[in-house]
Amino acid sequence: MKKIVVLGSINIDTILNITRLPLPGETMAMHDRSTAGGGKGANQAIAAVRAGAETSFIAKIGQDHAADFMLNTFKKDNLDIQHVTMNEKAGTGKAYILLDDNGQNSILIYGGANQTITIEDVRKAEKTIKAADCVISDFETPISATIEMFKIAKANGVITILNPAPAKFEIPNELLKLTDIIAPNETEAEAITGIKVVDEESMQRAAAKMHELGVRTVLITVGSKGSFYSCASHENGFVKAFKVKTVDTTAAGDTFIGYLAANLKSDLSNLESTMIIASKASSITVQEQGAQNSIPHKIQVNL
Ligand code: RIB
């Protein structure tokens, strides 16, 4: 069984259903609201564990009801939470998701406890990181902690996967050099490279720029169109997305990365077939509202 370690955020998502996204200064009525478990880190960890990988999670919660709710979810999924620790002062992370009738969203984040993860927290998980096949991180927790995890991973031959979300314009070169696989969407790819991603040719240019910055394998996800891959060896290709009716795109990218990590061989020789599996899993996630509740189990992906 694959062993995966995820370092990342935990959020309680409040979903606000609205007809369309508001204009600046506009007051609008919402037609429904609900809550669900979320956070890019937690979503990726749940995707990996539901894909069949033994998954450990490094994260921080607050001392509140939100934390109890999230810990219960993790236990139900058999996620290893020995490295999920509590910050008594900051609250558990929150996300406020504006979801329109076409399934498109805008997300506002309160980092809270997620922002208090330290290098020391990562070092305490050193043994678990060393024993993993693959580690995953994102930008909803401090970059210093991600760099520390990737350093330990690289020194021990563990594959590093970076989900560069939410988009950041300044990513330390040190982090990119420690990254084996980066998986931005088109907005994040543009933030990293300055290249607007509109077609396969611009994807190739953006990927070339990321290779130049030190990343071995680049995957650019372009929503309902599919995902592009480019390897430093110049091999590249495009995997089309499954056509489904989208209700909510939240956690689609997280599902893709969790499933990818759980199925990828250490020499990446099955990259394209793994992207097809990851894309099928994401196509299931987008058919239901909410993040963690919509991430499929392996049996549902059934390819
Ligand atoms: O990637 C989706 C996630 O982003 C949501 O679950 C929300 O919590 C934000 O972190």
Side-chain angles (χ1 to χ4, degrees), residues 6-17 21 33-50 57-62 64 66-67 69-71 73-74 77 79 84 90-100 103-117 136-143 146 161-168 182-189 191 219 221-224 227 246-261 278-279 281-296:
V6 179
L7 160 65
S9 57
I10 299 175
N11 292 332
I12 289 283
D13 292 350
T14 299
I15 304 151
L16 311 174
N17 296 86
L21 298 178
R33 68 185 284 281
S34 56
T35 54
K40 293 186 194 306
N43 298 344
Q44 288 166 148
I46 285 179
V49 85
R50 290 187 188 162
F57 191 25
I58 306 171
K60 269 280 200 267
I61 44 169
D64 47 27
F69 172 80
M70 295 304 296
L71 290 175
T73 308
F74 299 154
D77 267 296
L79 196 58
V84 176
T92 298
K94 308 269 181 309
Y96 299 90
I97 302 180
L98 305 180
L99 176 62
D100 77 11
Q104 290 310 310
N105 62 36
S106 294
I107 306 183
L108 303 171
I109 303 285
Y110 160 73
N114 296 317
Q115 286 305 321
T116 68
I117 298 180
I136 305 173
S137 194
D138 57 75
F139 287 158
E140 283 186 344
T141 44
I143 284 195
T146 298
I161 303 184
L162 181 66
N163 176 5
K168 257 198 194 323
I182 196 165
N185 64 18
E186 56 268 68
T187 315
E188 292 144 9
L219 310 181
T221 55
V222 283
S224 59
S227 45
T246 298
V247 173
D248 178 10
T249 58
T250 308
D254 305 332
T255 304
F256 185 91
I257 291 173
Y259 264 79
L260 184 94
S279 163
S282 299
S283 77
I284 297 172
T285 297
V286 301
Q287 292 179 67
E288 201 184 315
Q289 180 172 303
Q292 283 154 26
N293 55 293
S294 66
I295 297 172

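In listed order, ligands and their atoms are each counted from 1.
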Which atoms of ligand 1 are found less than 4.0 Å from any heavy atom of [X]?
X: Ala291; value: 6 (O)
X: Ile109; value: 9 (C), 10 (O)
X: Gly38; value: 6 (O), 8 (O)
X: Ala95; value: 7 (C), 8 (O)

Side-chain donor/acceptor of [X] to backbone N/O of [Y], under 3.5 Å:
X: Glu288; Y: Ile284; result: no
X: Asn114; Y: Thr92; result: no
X: Tyr259; Y: Asp254; result: no
X: Gln44; Y: Gly258; result: no
X: Arg50; Y: Ile295; result: yes
X: Glu188; Y: Asn185; result: yes

When you compare ligand 1 with [X], is there at least one nitrogen or oxygen pair between them that comes in under 3.5 angstrom?
X: Thr250; value: no
X: Ser9; value: no
X: Ile107; value: no

Among all protein heavy atoms, pick out the one at the shortest distance from [atom]; state its residue, atom name and that distance to 0.1 Å.
atom: atom 8 (O) of ligand 1; value: Asp13 OD1, 2.6 Å
atom: atom 3 (C) of ligand 1; value: Asn43 ND2, 3.7 Å
atom: atom 9 (C) of ligand 1; value: Glu140 OE2, 3.5 Å
atom: atom 2 (C) of ligand 1; value: Asp254 OD2, 3.3 Å
atom: atom 4 (O) of ligand 1; value: Lys40 NZ, 3.1 Å

Taking 4.0 Å as the limit for heavy-atom contacts, which would you say applies to Ala251 with ligand 1: side chain only, backbone only, both, or neither?
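Just the backbone.
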Looking at Tyr110, is Lys94 sitting on its ring face, NZ or CZ under 6.0 Å from the six-membered ring centre and within 45 degrees of the normal?
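The answer is no, since Lys94 fails at least one limit relative to Tyr110.
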Establish, from distance only, whether the side-chain atoms of Asn11 and Ser9 form a donor-acceptor pair under 3.5 Å.
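Short answer, no.
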Can you tell if the side chain of Leu71 reaches within under 4.5 Å of the side chain of Val84, non-hydrogen atoms only?
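Side-chain contact under 4.5 Å: yes.
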